[in-house]
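Below you'll find the structure, written out as structure tokens, and then a few comments.
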Amino acid sequence: PPAPAASAPAPAAVKVYAVGTDAAYAPFESQNEKGEIVGFDIEVVQAVAKKAGFEIKIINTPWEGIFNTLAQGDRDLVVSAVTITDERRQTMDFSDAYFDAQQLIAIKDGSKVTKFGDLKKLKVGVQTGTTGMEVVEKLQGKTSPNIKRFESTPLALKELEAGGVDAVVADNGVIINYVTNNPGGKFKSIADKEFVPEQYGIAVKKGNAELLAKINQGLAGIKADGTYDQIFTKYFGAPPAKAAAAPASAASK
Ligand code: ARG
């Protein structure tokens, strides 16, 4: 007869880290038709966890308040195309940088906009609380009525399509993905030298050095063994340019 269940050793409780992500930011994080959360960031954090030997669970989390979930202990990691900034560093800790990014302007094809300065007096859509919002606030002033803030970047882009805003400013990967996936050349994107380089990092609760060390160990591991380049190539068509492998010390803004 089978041994009574009570004689089996209790399995050691494995800590499963909760990963928060605002899954409305393709190709970094989005939901597919089945409702699964997929994307570059998701594959990176899964590979990092595997390499460093910890378990994760991905949880769709609204951008607004996403960083508070770390302080509150509802999420252990935030992986959401988060730009490392000095201001954010005051309230959370970041891993080494894992992606180089920059702001980009999305406009309709017939638009006369050719540079960032042209947006000074136009209606511009941004996602609330992003670095895209910050650059537009710098250009127009925080209280400008022409800054239209949205809860998600797709909502801002919908408004561009509907004609409610003249432009949207967001991360280059997301804008390029949107322009490319809207056939018929309805939209185009514009880069500007005024936009400073940004780098994405994985955020943890301030002071969580133990988890941060594991994440950095995993990141270094997947960069060294080719996994990172594989994921990058899958999403962006070519391996990262050499400059992307710059040391993490360059990861501030
Ligand atoms: N990189 C920008 C920032 O950190 C935008 C990130 C938005 N991410 C998202 N999943 N909605 O502010």
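Whatever order the structure lists them in is the order used to number ligands and atoms, beginning at 1.
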- Ligand-side contact atoms (ligand 1) for residue partner Gln127, heavy atom cut-off under 4.0 Å: 7 (C), 11 (N)
- Task: Might you work through the side-chain contact (heavy atoms from CB on, under 4.5 Å) test for Phe99 and Phe28, ending with a clear yes or no?
- Result: CA-CA 11 Å; Phe99 192 83; Phe28 299 99; 3.6 Å; yes
- To which protein heavy atom is atom 6 (C) of ligand 1 closest, and what is the distance rounded to 0.1 Å? Ala81 O, 3.2 Å
- Message: Given Tyr25, Tyr200, Phe67, identify the one with the heavy atom nearest to atom 5 (C) of ligand 1.
- Response: Tyr25
- Query: Is the closest N or O pair between Arg88 and ligand 1 shorter than 3.5 Å?
  - Reply: yes
- Query: Taking the side chain from Gln102 and the backbone from Phe195, do they hold a donor-acceptor pair closer than 3.5 Å?
  - Reply: yes
- Could you walk me through whether Gln103 and Asp171 pass side chain to side chain donor-acceptor pair (under 3.5 Å), step by step? CA-CA 5 Å; Gln103 295 305 305; Asp171 295 4; 3.0 Å; yes
- Note on the structure: Closest heavy-atom pair, Ser95 versus Leu212, reported as atoms and distance to 0.1 Å, is N-CD1, 3.6 Å
- Where is the nearest protein heavy atom to atom 11 (N) of ligand 1: which residue, which atom, and how far? Asp22 OD2, 2.7 Å
- Between Phe67 and Trp63, what is the ring plane arrangement, given parallel below 30°, perpendicular above 60°, and tilted in between? perpendicular
- Message: For a salt bridge (Lys or Arg N to Asp or Glu O under 4.0 Å) check, start with the C-alpha distance between Asp93 and Lys206, then their side-chain angles and the critical distance, and finish with the verdict.
- Response: CA-CA 5 Å; Asp93 285 337; Lys206 196 153 188 60; 3.2 Å; yes
- When only distance counts, is Thr83 in polar contact with ligand 1, meaning an N/O pair under 3.5 Å? yes
- Does the side chain to side chain donor-acceptor pair (under 3.5 Å) test come out yes or no for Gln199 and Thr83, once each step is laid out? CA-CA 5 Å; Gln199 289 188 301; Thr83 300; over 6 Å; no
- Message: Between Asp225 and Thr227, is there a side-chain donor-acceptor contact under 3.5 Å, judged purely by atom types and distance?
- Response: yes
- Would you check whether Thr131 has a nitrogen or oxygen atom less than 3.5 angstrom from a nitrogen or oxygen atom of ligand 1? yes
- Query: Considering only heavy atoms, does Asp171 approach ligand 1 within less than 4.0 Å through its side chain, its backbone, both, or neither?
  - Reply: side chain
- Item | Sub-4.0 Å heavy-atom contact, Phe28 with ligand 1 | no
- Task: Write out the residue and atom name of the closest protein heavy atom to atom 10 (N) of ligand 1, then the distance separating them to 0.1 Å.
- Result: Ser80 OG, 2.8 Å
- Atoms of ligand 1 less than 4.0 Å from Val82 heavy atoms? 4 (O)
